[in-house]
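Sequential numbering from 1 along the given sequence is applied to the chain's residues.
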Amino acid sequence: MSLPPSAAPMSSSEFIAALRGLSHRYWGTHPFHVRMHGGGLSEYELKIWAANRWYYQCVLPQKDAAIISNCPVPEIRREWLDRIAYHDGAKAGDGGIERWLRLCTAVGLGREEVLDQRHVAPGVRFAVDAYVTFARTKPWLEAVASGLTEMFAGHLMQRRVADMLANYSWIAREDLAYFTDRIDKVSGEGKGTLDIVVRHAVTREQQEKAIAALSFKTDVLWSMLDAIERAAAKE
């Protein structure tokens with residue numbers, strides 16, 4: 001439903017509260033994640049989770065490049081380049097994507113079977129591709145706002161490291177380098193992304209679209225875990 005022309009923009013505090021109010025929809029509360037943190041996943045379920053999360057991780061640089069291609073603001077483009085470099089790494093064998101592959105190896109996956117995506121569930125592929133398409137086709141501010149799930153990620157990553165070390169004896173701390181390295185990084189990115197969205201979403205319509213974009217992203221993540229859970233149940 002479109003807003004009436006006279007709808008006043010929310011104050012910054014109201015807008016931020018509305019965005020943060022979507023935290024309950026983040027995938028940290030999904031039953032699959034709850035079981036993971038409680039030590040309830042089998043080795044096979046962990047493999048399926050890691051292999052499918054790989055598909056999400058490996059397209060993040062493409063998502064971020066799409067945002068840059070649509071953004072007319074030089075300082076934001078410069079800031080966003082760091083995200084691509086973080087995941088792709090400065091050289092081969094480096095970066096967030098490589099750290100995720102290390103985790104895949106730790107849970108018992110061969111590198112080839114991860115890279116060829118043989119374990120990627122159709123529902124995961126559909127959800128992740130929809131996210132990349134969103135970044136390519138929506139206005140840059142909405143695409144940036146969709147990434148505000150970063151606001152909810154740091155605490156979950158801290159818990160994940162502790163819970164996986166406590167509950168899955170074959171996983172070592174160094175195998176969780178993706179999470180341990182990302183905890184501080186994602187907190188900084190979340191603050192930076194929120195600042196961009198609050199500064200540039202100046203009309204009520206832009207604010208509502210930013211909230212809708214973040215809602216869409218939570219749906220993407222939740223749908224991914226739904227599909228992972230179904231795929232893992234086929235053992």
Side-chain angles (χ1 to χ4, degrees), residues 19 26-27 50-104 111 114-117 120-154 157 177-179 181-201 206 209-221 223-224 227:
L19 291 165
Y26 189 55
W27 60 356
N52 277 273
R53 263 292 296 269
W54 155 256
Y55 186 65
Y56 174 74
Q57 300 302 142
C58 74
V59 304
L60 287 178
Q62 298 174 53
K63 179 269 298 183
D64 289 323
I67 291 174
I68 290 174
S69 72
N70 289 331
C71 181
V73 187
E75 58 267 28
I76 293 176
R77 292 199 302 267
R78 286 192 291 267
E79 180 179 339
W80 223 257
L81 276 172
D82 181 60
R83 295 166 182 259
I84 297 175
Y86 177 84
H87 287 287
D88 279 341
K91 59 184 184 301
D94 190 21
I97 288 175
E98 190 64 32
R99 284 188 286 274
W100 192 268
L101 284 171
R102 180 174 183 172
L103 175 58
C104 289
R111 191 179 179 94
V114 179
L115 293 176
D116 68 16
Q117 302 174 10
V120 176
V124 169
R125 192 180 300 277
F126 184 86
V128 172
D129 289 353
Y131 182 40
V132 177
T133 298
F134 186 93
R136 286 175 175 157
T137 60
K138 291 291 184 179
W140 71 270
L141 184 56
E142 292 177 47
V144 167
S146 71
L148 280 170
T149 47
E150 295 163 349
M151 295 189 298
F152 317 134
M157 288 184 183
Y178 175 83
F179 294 117
D181 185 79
R182 185 99 180 111
I183 289 168
D184 291 336
K185 183 73 172 175
V186 77
S187 297
E189 287 180 351
K191 292 175 183 175
T193 303
L194 182 61
D195 179 64
I196 290 170
V197 173
V198 171
R199 278 191 289 116
H200 290 270
Q206 288 173 325
K209 286 184 176 179
I211 294 167
L214 179 54
S215 177
F216 164 77
K217 174 64 179 304
T218 63
D219 287 345
V220 166
L221 297 179
S223 296
M224 283 176 59

Nearest heavy atoms of Val197 and Leu19, plus distance in Å: CG1-CD1, 4.5 Å
Validation row: Tyr86, Arg182 side chains within 4.5 angstrom (heavy atoms): yes
Spacing of CE belonging to Met151 relative to CG belonging to Leu194, to within rounding of 0.5 Å: 5.5 Å
Gap between atom CG of Leu101 and atom SG of Cys58 - 0.5 Å precision: 9.0 Å
Non-hydrogen atoms of Phe134 and Ala213 that approach each other most closely: CZ-CB, 3.7 Å
Sidechain-backbone polar pair: Trp100 side chain, Ala50 backbone, donor-acceptor under 3.5 Å: yes
Exceeds 12 heavy-atom contacts within 6.0 angstrom, atom NZ of Lys138: no
From Leu148 atom CG to Ile211 atom CD1, the distance as rounded to the nearest 0.5 Å: 10.5 Å
Stepwise side-chain contact (heavy atoms from CB on, under 4.5 Å) check, Leu103 with Arg53: CA-CA 11 Å; Leu103 175 58; Arg53 263 292 296 269; over 6 Å; no
Thr149 vs Trp27 side-chain heavy atoms within contact, under 4.5 Å: no
Beyond-backbone contact of Trp54 with Ile97, side-chain heavy atoms, under 4.5 angstrom: yes
CA sep, side-chain torsions, deciding dist, call: Tyr131, Val59, side-chain contact (heavy atoms from CB on, under 4.5 Å): CA-CA 10 Å; Tyr131 182 40; Val59 304; over 6 Å; no
Closest non-hydrogen atom pair, Arg83 against Asp64: CB-OD2, 3.6 Å
Beyond-backbone contact of Glu142 with Phe216, side-chain heavy atoms, under 4.5 angstrom: no
Inter-residue atom distance Trp80.CH2 - Arg78.CZ, 0.5 Å rounding: 14.5 Å
Spatial distance of atom OG1 (Thr193) from atom CD1 (Ile76) [nearest 0.5 Å]: 10.0 Å
Pair Arg111 + Glu98, salt bridge at N-O below 4.0 Å: yes
Which atom of Leu60 lies closest to which atom of His87, heavy atoms considered: CD1-CE1, 3.6 Å
Main-chain N/O of Gly96 paired with Asp181 side-chain donor or acceptor, under 3.5 Å: no
Distance, nearest 0.5 Å, that separates CG of Asp195 from CD of Glu79: 8.0 Å
Chi angles and distances behind the side-chain contact (heavy atoms from CB on, under 4.5 Å) call for Ile67, Arg136: CA-CA 7 Å; Ile67 291 174; Arg136 286 175 175 157; over 6 Å; no
Closest contact, heavy atoms only, Pro72 versus Pro74: O-CD, 3.3 Å
Side chain Asn52, main chain Ala121, donor-acceptor under 3.5 Å: yes
From CA spacing to verdict: side-chain contact (heavy atoms from CB on, under 4.5 Å), Tyr26, Leu214: CA-CA 10 Å; Tyr26 189 55; Leu214 179 54; over 6 Å; no
Shortest non-hydrogen separation from Cys104 to Val114 and the atoms involved: CB-CG2, 3.8 Å
